[in-house]
Amino acid sequence: MIDPRILRDEPDRVRRSLHKRGMPTTVVDDALAADGRRKGSIQKFEQKRAQQKEIGLKIKKAAPAEKSVLLSTTKEISNDVKAYQADLSSAEQEWDRALKAIPNVADDAPAGGEDDFVLIETVGTPREFDFEPRDHIELGKLLGAIDIERGAKVSGSRFYFLTGVGAELEFALINLAMEQAREAGFTQVIPPSMVKPRAMEGTGFLGQAADDVYRIEGQDMYLVGTSEVPMAAYHSDEILDGAKLPLRYAAFSPCFRKEAGSHGKDTKGIIRVHWFDKVEMFVYTTLEDASAEHLRLLNWEKSFLDKLELAYRVIDVAAGDLGLSAARKYDCEAWIPTQGKYRELTSTSNCTDFQTRRLDTRGRFGSDIKPVATLNGTLCAMTRTIVAILETHQQADGSVRVPKALQPWLGGREVLEPVAP
RNA sequence: GGAGGCGUCGCCUAGCCCGGUUUAUGGCGCCCGCCUGCUAAGCGGGUUGAGGGUAAUCCCCUCUCGCGGGUUCAAAUCCCGCCGCCUCCGCCA
């Protein structure tokens with residue numbers, strides 16, 4: 001949730017942000033009204049409660065005659081207290097609901113929707129082919145790396161088996177990513193990929209994004225769409241030592257997405273699937289440092305893509321295309337030869353104190369306790385990365401050149417060769 | 001899945017049987033000050049968090065003893081449900 005002080009002191013700033021996201025601004029007035037009602041209820045309740053406590057103290061030492069009088073008056077007060085308390089809790093719920101409906105304040109993100117991103121830079125040049133390039137589906141088949149037919153047979157559409165060098169490629173990518181993370185000082189984590197509602201809600205995935213989330217039948221649990229979810233909840237209800245920030249984690253987990261509303265999009269291949277594995281960077285830091293850390297995350301993403309020798313561009317995602325929690329987001333989009341366009345491979349978001357307020361994570365700085373920020377960034381999402389590698393580094397005979405950085409993790413192989421069918 | 005035990009302020013711990021002045025004892029740690037040539041030791045004080053009254057130091061109030069509900073004028077303390085942890089048993093990768 002956003003800082004209530006921003007809502008009270010700068011409601012127009014919040015309205016501007018909503019406007020940039022293309023959303024109605026009525027939530028602002030709803031929340032302000034709820035805030036007013038809540039304060040009124042607090043005062044009524046607290047005053048009654050103080051009165052009740054005061055008389056309660058007298059009762060113990062009162063003489064019997066006096067006692068029965070006191071008991072009867074305080075009985076009435078007790079009823080009032082209960083009534084006011086009920087009022088208060090409903091006012092508080094209303095306030096909470098209204099406040100949580102407001103997405104993070106996107107002061108610096110470009111206005112508009114999906115197509116209104118700002119291009120930050122282009123790195124490398126899309127490869128020119130002197131032969132007709134094969135798409136990753138065909139390459140995956142030739143190499144014995146990706147089995148889409150059997151994925152569909154066993155699990156349905158948007159599922160796949162990675163086999164042989166396909167599986168090896170994933171392990172190699174995980175190792176390369178984790179090596180980079182370790183060298184950059186990240187703590188490696190394997191988090192649970194099933195979580196309770198609190199974690200899902202706290203990270204902002206039960207809002208508009210709820211349609212995309214798998215719920216476990218009869219269990220009140222969810223499958224995560226990214227390890228951002230367990231990692232944001234990791235320090236919930238904690239006060240972190242400010243001197244130890246930033247806390248940097250690199251988490252490996254499967255990611256499950258319903259992909260509701262994307263029927264017909266990317267129906268072939270493994271660009272858009274219901275499950276993939278991912279190494280995700282997740283950082284807790286100070287609010288002051290968050291923007292700088294955001295750029296660091298972007299740089300780590302770029303250097304990983306550089307190691308894979310891919311051509312890509314970096315965009316500043318427009319407000320309307322941000323998640324509920326993000327104040328700003330940069331995507332790295334790699335060139336996919338057979339699609340003739342750039343596709344998102346990694347994404348990094350600055351969630352400022354939006355998630356930590358919901359999940360009750362704060363920091364102690366000397367004698368102060370202050371909010372902290374969370375940021376997340378993809379180091380490597382396996383499936384799309386494999387697509388980009390296969391398509392970009394393919395050769396005329398259907399073999400695929402292995403980027404240098406990946407070779408040590410593939411037994412020193414420089415080329416992946418087609419296998420006999 | 002079955003049986004039993006436990007969950008108190010950063011950590012450890014007292015209080016709970018016999019409800020009231022208890023945010024709650026003591027120790028450790030931490031912070032401030034004193035003492036000492038420096039260090040150690042010693043002495044004194046402070047140290048849960050949140051929300052309101054306030055723009056605010058101070059001050060005042062309310063909530064906070066795993067979570068939720070109940071009993072009661074009043075609950076850390078009594079009752080019920082849930083969650084978590086530990087031990088034993090069963091089952092199992």
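The shown structure was predicted, so the numbers you read here are calculated from the model rather than taken from an experiment. Residue numbers begin at 1 in each chain, while the letters A, B, ... track the order of the sequences.
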- Message: From CD of A/Glu46 over to C1' of B/rU64, roughly how many Å is that when rounded to an integer?
- Response: 13 Å

- Give a yes or no on whether a salt bridge exists between A/Glu94 and A/Arg37, defined as a side-chain N under 4.0 angstrom from a carboxylate O. yes

Distance-only check: which donor-acceptor pairs under 3.5 Å involve side-chain atoms of residues 185-196 of chain A, not counting sequence neighbours?
from, atom 1, to, atom 2, distance (Å)
A/Gln188, NE2, A/Met178, O, 3.0

- Task: Among B/rU62, B/rC73, B/rG52, find the nucleotide with the atom closest to the side chain of A/Ser78.
- Result: B/rC73

- Message: Whole angstroms only, please: what is the CD1-P distance between A/Ile55 and B/rC61?
- Response: 16 Å

- Query: Looking only at side-chain N and O atoms, does A/Gln47 come under 4.0 Å of OP1 or OP2 in B/rU62?
  - Reply: no

- If you find the nucleotide of RNA chain B closest to A/Arg362 and the one closest to A/Gln51, which residue's nucleotide is nearer the 5' end? A/Arg362

- Watson-Crick or G-U counterpart of B/rG10, or none if no pair lies under 3.5 Å: B/rC28

Output a table of donor-acceptor pairs, distance under 3.5 Å, between side-chain atoms of residues 159-177 of chain A and any protein atom two or more places apart or on a different chain; print 'none' if there are none.
from, atom 1, to, atom 2, distance (Å)
A/Tyr160, OH, A/Trp275, O, 3.0
A/Thr163, OG1, A/Gly144, O, 2.7
A/Glu168, OE1, A/Arg413, NH2, 2.5
A/Glu168, OE2, A/Arg413, NH2, 3.3
A/Asn175, ND2, A/Phe171, O, 3.0

- Listed partners of A/Asp35 passing side chain to side chain donor-acceptor pair (under 3.5 Å), at least two apart: A/Arg8, A/Arg38

- Task: Measure from CG on A/Asp237 to C1' on B/rC83 and round the result to the nearest Å.
- Result: 13 Å

- Please measure how far the P atom in B/rG49 lies from the corresponding atom in B/rU57, and state the result in whole Å. 15 Å

- C1'-based separation of B/rC85 from B/rC43 [nearest Å]: 41 Å

- Starting at atom CE of A/Met221, determine the distance to atom C1' of B/rC83, rounded to an integer number of angstrom. 13 Å

- So, is A/Thr74 near the phosphate of B/rA74, with a side-chain N or O under 4.0 Å from OP1 or OP2? no

- Query: Whom does B/rA76 pair with, Watson-Crick or G-U wobble, provided both distances fall under 3.5 Å?
  - Reply: none

- Here the distance between atom P of B/rG49 and atom CG of A/Asp368, to the nearest Å, is 11 Å

- Query: Is a salt bridge present between A/Asp353 and A/Arg357, judged by a nitrogen-to-oxygen distance below 4.0 Å?
  - Reply: yes

- Query: Does the salt bridge (charged side-chain N to carboxylate O under 4.0 Å, His left out) test come out yes or no for A/Lys268 and A/Asp135, once each step is laid out?
  - Reply: CA-CA 10 Å; A/Lys268 288 193 290 188; A/Asp135 68 16; 5.7 Å; no

- Query: For A/Gln394, which residues count as a side chain to side chain donor-acceptor pair (under 3.5 Å) partner, sequence neighbours excluded?
  - Reply: none

- Query: So, A/Tyr234 versus A/Tyr249, ring centres under 6.0 angstrom or not?
  - Reply: yes

- Query: If pairing requires Watson-Crick or G-U wobble contacts with both distances under 3.5 Å, which nucleotide is the partner of B/rC82?
  - Reply: B/rG66

- Those residues that, when tested against A/Thr285, pass side chain to side chain donor-acceptor pair (under 3.5 Å) (two or more places apart): A/Asp289

- Give me the residues of residues 80-88 of chain A where at least one heavy atom lies under 4.0 Å from an atom of RNA chain B, by number, or none. none

- Considering just the side-chain nitrogens and oxygens of A/Lys53, establish if one lies under 4.0 Å of OP1 or OP2 belonging to B/rU62. yes

- Item | Base paired to B/rC16 (Watson-Crick or G-U; both N/O distances under 3.5 angstrom) | none

- CH2 of A/Trp95 versus C1' of B/rA50: gap in Å, rounded? 14 Å

- If pairing requires Watson-Crick or G-U wobble contacts with both distances under 3.5 Å, which nucleotide is the partner of B/rU54? none

- Decide whether a cation-pi geometry holds between A/Lys48 and A/Tyr84; the criteria are a distance under 6.0 Å from NZ or CZ to the six-membered ring centre and an angle within 45° of the ring axis. no

- Contacts of A/Lys278 meeting side chain to side chain donor-acceptor pair (under 3.5 Å) (sequence neighbours excluded), chain-then-number -> A/Thr226, A/Glu280

- Query: What pairs of residues pass the salt bridge (charged side-chain N to carboxylate O under 4.0 Å, His left out) test when at least one of them lies in residues 234-250 of chain A, not counting sequence neighbours?
  - Reply: A/Arg198-A/Asp237, A/Asp241-A/Lys244, A/Arg248-A/Glu293

- Worked check of salt bridge (charged side-chain N to carboxylate O under 4.0 Å, His left out) between A/Arg328 and A/Asp316: CA-CA 8 Å; A/Arg328 200 169 195 190; A/Asp316 191 351; 2.6 Å; yes

- Task: Mind jotting down which residue pairs meet the salt bridge (charged side-chain N to carboxylate O under 4.0 Å, His left out) criterion with at least one end in residues 20-30 of chain A? Sequence neighbours excluded, please.
- Result: A/Arg15-A/Asp29

- Can you tell which of B/rC73, B/rU48, B/rA50 lies closest to the side chain of A/Gln52? B/rC73

- Query: At under 4.0 Å between heavy atoms, what does A/Arg8 touch on the DNA or RNA strands: base, sugar-phosphate, or nothing?
  - Reply: sugar-phosphate

- Examine B/rG51: is either OP1 or OP2 under 4.0 Å from a nitrogen or oxygen in the side chain of A/Arg38? Give yes or no. no

- Distance between C1' atoms of B/rG26 and B/rC18 (Å, rounded): 23 Å

- Item | Euclidean distance, atom CD1 of residue A/Ile42 to atom C1' of B/rC63 [Å, nearest integer] | 10 Å

- Determine the interatomic distance between C1' on B/rG68 and the same-named atom on B/rC83; round to the nearest Å. 10 Å

- Item | Whole-Å P distance, B/rG20 and B/rG27 | 24 Å

- Considering heavy-atom distances to RNA chain B, does A/Arg364 or A/Asp35 have its closest nucleotide positioned more toward the 5' end? A/Arg364

- Over how many whole Å does the gap from A/Asp3 atom CG to B/rG51 atom C1' extend? 14 Å

- Task: Quote, to the nearest angstrom, the P distance that separates B/rC91 from B/rA50.
- Result: 50 Å

- Please check the phosphate of B/rA74 (OP1 and OP2 only) for any side-chain N or O of A/Arg49 closer than 4.0 Å. no

- Query: Which one, B/rU62, B/rG49, B/rC73, comes nearest to the side chain of A/Phe45?
  - Reply: B/rU62

- Item | Watson-Crick or G-U wobble partner of B/rC88, both distances under 3.5 Å | B/rG2

- Message: I need a per-nucleotide contact map over nucleotides 53-60 of chain B, read 5' to 3'. Cutoff is protein heavy atoms under 4.0 Å; write B for the base, S for backbone only, - otherwise.
- Response: S-------

- Message: Over all strands shown, is A/Ile369 touching base, sugar-phosphate only, or nothing at heavy-atom distances under 4.0 angstrom?
- Response: sugar-phosphate

- Note on the structure: For residues 398-412 of chain A, the salt bridge (charged side-chain N to carboxylate O under 4.0 Å, His left out) pairs (sequence neighbours left out) are A/Glu309-A/Arg401

- Using the P atom on both, measure B/rU25 against B/rU8 and round to a whole Å. 16 Å

- Item | Nearest-Å distance once atom P is located in both B/rC17 and B/rC79 | 9 Å

Can you name the atoms? Protein N/O to nucleotides 28-33 of chain B N/O, anything below 3.5 Å, with the distance.
none

